[in-house]
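For reference, the structure is listed below as structure tokens.
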Amino acid sequence: MMPSQELILGLSLEELKLKFLKNGFTSLDAKRVFPWIHMKLAKSFDVMSDVPKCVRETLPDFFSIVRPECKTKQKSLDGTQKVLLEFSDGECVETVFIPDEKRNTICISTQIGCIIGCKFCHTGTQKFSRNLTSSEIMSQMFFWKDIQNESNGSSITNIVFMGMGEPLLNSKNLFNALNLLLDEKIHNFSRNKITVSTSGIVNGSIEKLAKFGVKLAISLHASSDEKRAFLMPINKKYNISNVLNAARKYLYFSNVDYVTFEYLLLSGVNDSDNDAIELAYLLKNFGIQCKVNLILFNDWFGTEFRASSKGHTFLRILLSKGIRTIIRKSRGDDIFAACGQLKSERQ
Ligand code: SAH
Ligand code: SF4
């Protein structure tokens, strides 16, 4: 059952003022509470010393700033950490922290389960339950910020929306979270440190995302509609040329330098020399400023796919055709924290 206290970690100041007014508080109260939540990372209303005591005492009857409960925590040999967070209605998501020499990246989920059902993705096998609210999206960042602060660790530098779910099917809440993350007076992430990955939902959301100017990654995974539709049923609705046209518009409206295409190499499915040549031809033909990230398949129990061993040949072919390409190294795969391995269903 949902408790009556509403989680307010992802509300803008304007939204917070409205909620406060509706519940008998003042907009000045909201103005004072807001920086405590976002800049001082307060975990309870008690500590908000400039908020009148009677207000501090009454706020918890209506609102909550508690972090979701951490149900399980795993640490990989490479330092990657994965946690399962539980929200107030008992639903859970996974979120991942990936430390690197120069940066600390967090991978954030936007939905519980995923409706898109890509064949190679573990999340896609989990029944879609619901969208996360903007507060639940933000709460994952607060969770990792708390941990970094408590352990005097270095701060979070990058955010990737590559966790569970399809971000652009929850665009309103995604955009609210992005507003808070990018605002220089609030969380102050720069646009090029945030990446949104999409399976290619081109119903207008990509164009709307462009106004945020964040990095866009599109899961392509095949160069023919037939193959892509086999791997990703969404291709029947939005095919490759729809997706590439949207990518072109994104470049035009967002002012980012390039779009990233993710290409998961699956043995015997999309990893032949010919697949690489066709991919290069497709991208050249469309003339889009892009980079290709080749992804190695992360295994999960019950999958029909196998990782490809042809990554380097594929890479060489794309490079020889003038396509900027890298093979993305997989992180945290020993704890199932890598892309496409996240799943939160209790089994
Ligand atoms: N729904 C969005 C974002 C989450 S998935 C999307 O599909 O883009 C993040 C990335 O992980 C996507 O590129 C996805 O195709 C990839 N992925 C899914 N399953 C995978 C697996 N088993 N191994 C490696 N990458 C996978
Ligand atoms: Fe959903 Fe992305 Fe997984 Fe496809 S790859 S099922 S869109 S989370």
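Predicted model, so just to flag it, every value in this text is computed and none were measured. Whatever order the structure lists them in is the order used to number ligands and atoms, beginning at 1.
Taking a 4.0 Å cut-off on heavy atoms, His122 fails to register as neighbouring ligand 1. Between Cys118 and ligand 1 there is no heavy-atom distance shorter than 4.0 Å. At a 4.0 Å cut-off, at least one heavy atom of Gly165 sits close enough to ligand 2 to count as contact. Residue His221 places a heavy atom less than 4.0 Å from ligand 1. Heavy atoms of Phe305 come nearer than 4.0 angstrom to ligand 1 in no pair at all. A heavy-atom separation below 4.0 Å is not found between Ile218 and ligand 1. Taking 4.0 Å as the cut-off, Cys114 does not count as a neighbour of ligand 1 on heavy-atom distance.
Between Phe142 and His38, the two ring planes are tilted [angle within 30° to 60°]. Taking the six-membered ring where tryptophan is involved, the planes of Phe175 and Phe212 are tilted, since the angle between them lies from 30° to 60°. Note: Phe305 and Phe297 have perpendicular aromatic rings, judged against thresholds of 30 and 60 degrees for the angle between ring planes.
Every atom of ligand 2 is numbered from 1 in the order shown, and the set under 4.0 Å from a heavy atom of Ser199 is 7 (S). The contact set between ligand 1 and Leu264, taken as ligand atoms under 4.0 Å from a residue heavy atom, comprises 23 (N), 24 (C), 25 (N). Atom numbering of ligand 1 starts at 1 in the shown order; those under 4.0 Å from a heavy atom of Phe297 are 21 (C), 22 (N), 23 (N). Within ligand 1, the atoms closer than 4.0 Å to a non-hydrogen atom of Thr198 are 6 (C), 8 (O), numbered from 1 in the order shown. In summary, the atoms of ligand 1 found under 4.0 Å from a heavy atom of Trp300, numbered by their order in the structure, are 22 (N). Annotation for ligand 1: atoms under 4.0 Å from non-hydrogen atoms of Glu166 are 1 (N), 2 (C). Interface of Gly117 with ligand 2, defined as ligand atoms under 4.0 Å from a residue heavy atom, comprises 6 (S). Against a heavy-atom cut-off of under 4.0 Å, Leu296 is close to the following atoms of ligand 1: 24 (C).
Glu166 is listed as a side-chain neighbour of Ile201, based on a closest heavy-atom distance under 4.5 Å. Using a 4.5 Å heavy-atom cutoff, the side chains of Ile116 and Phe128 are not in contact. Under the 4.5 Å side-chain criterion, counting only non-hydrogen atoms from C-beta, Glu262 is in contact with Ser197.
Under 4.0 angstrom from ligand 1, the non-hydrogen atoms of Glu262 all belong to its side chain. Contacts with ligand 1 closer than 4.0 Å are made by side-chain heavy atoms of Ile295 only, the backbone lying farther away. With a 4.0 Å cut-off on non-hydrogen atoms, Thr123 does not touch ligand 1 at all. For Cys118, heavy-atom contacts with ligand 2 shorter than 4.0 Å involve the backbone as well as the side chain.
Put simply, CE on Met48 and CZ on Arg56 are 9.5 Å apart, with the number rounded to the nearest 0.5 Å.
Considering all non-hydrogen atoms of both residues, Arg228 and Ser199 come closest at NH2-O, 2.9 Å.
Of the candidates Ser197, Gly163, Cys121, Ser219, the one placing a heavy atom closest to atom 4 (C) of ligand 1 is Gly163.
More than 12 heavy-atom neighbours from other residues, nucleotides or ligands sit within 6.0 angstrom of NZ on Lys227. Around atom NZ of Lys19, no more than 12 heavy atoms belonging to other residues, nucleotides or ligands sit under 6.0 Å away.
Salt-bridge check for Glu57 with Lys53: passed, with a basic side-chain N closer than 4.0 Å to an acidic carboxylate O.
The side-chain contact (heavy atoms from CB on, under 4.5 Å) test applied to Thr72 returns Leu84, not counting sequence neighbours.
Figure legend: Arg324 and Tyr258 shown as a cation-pi pair, the cationic atom lying under 6.0 angstrom from the six-membered ring centre and within 45 degrees of its axis.
For a distance bound of 2.8 Å, the N, O or S atoms of Cys114 include one lying that close to atom 1 (Fe) of ligand 2.
For ligand 1, one of its N or O atoms has an N or O atom of Gly165 under 3.5 Å away.
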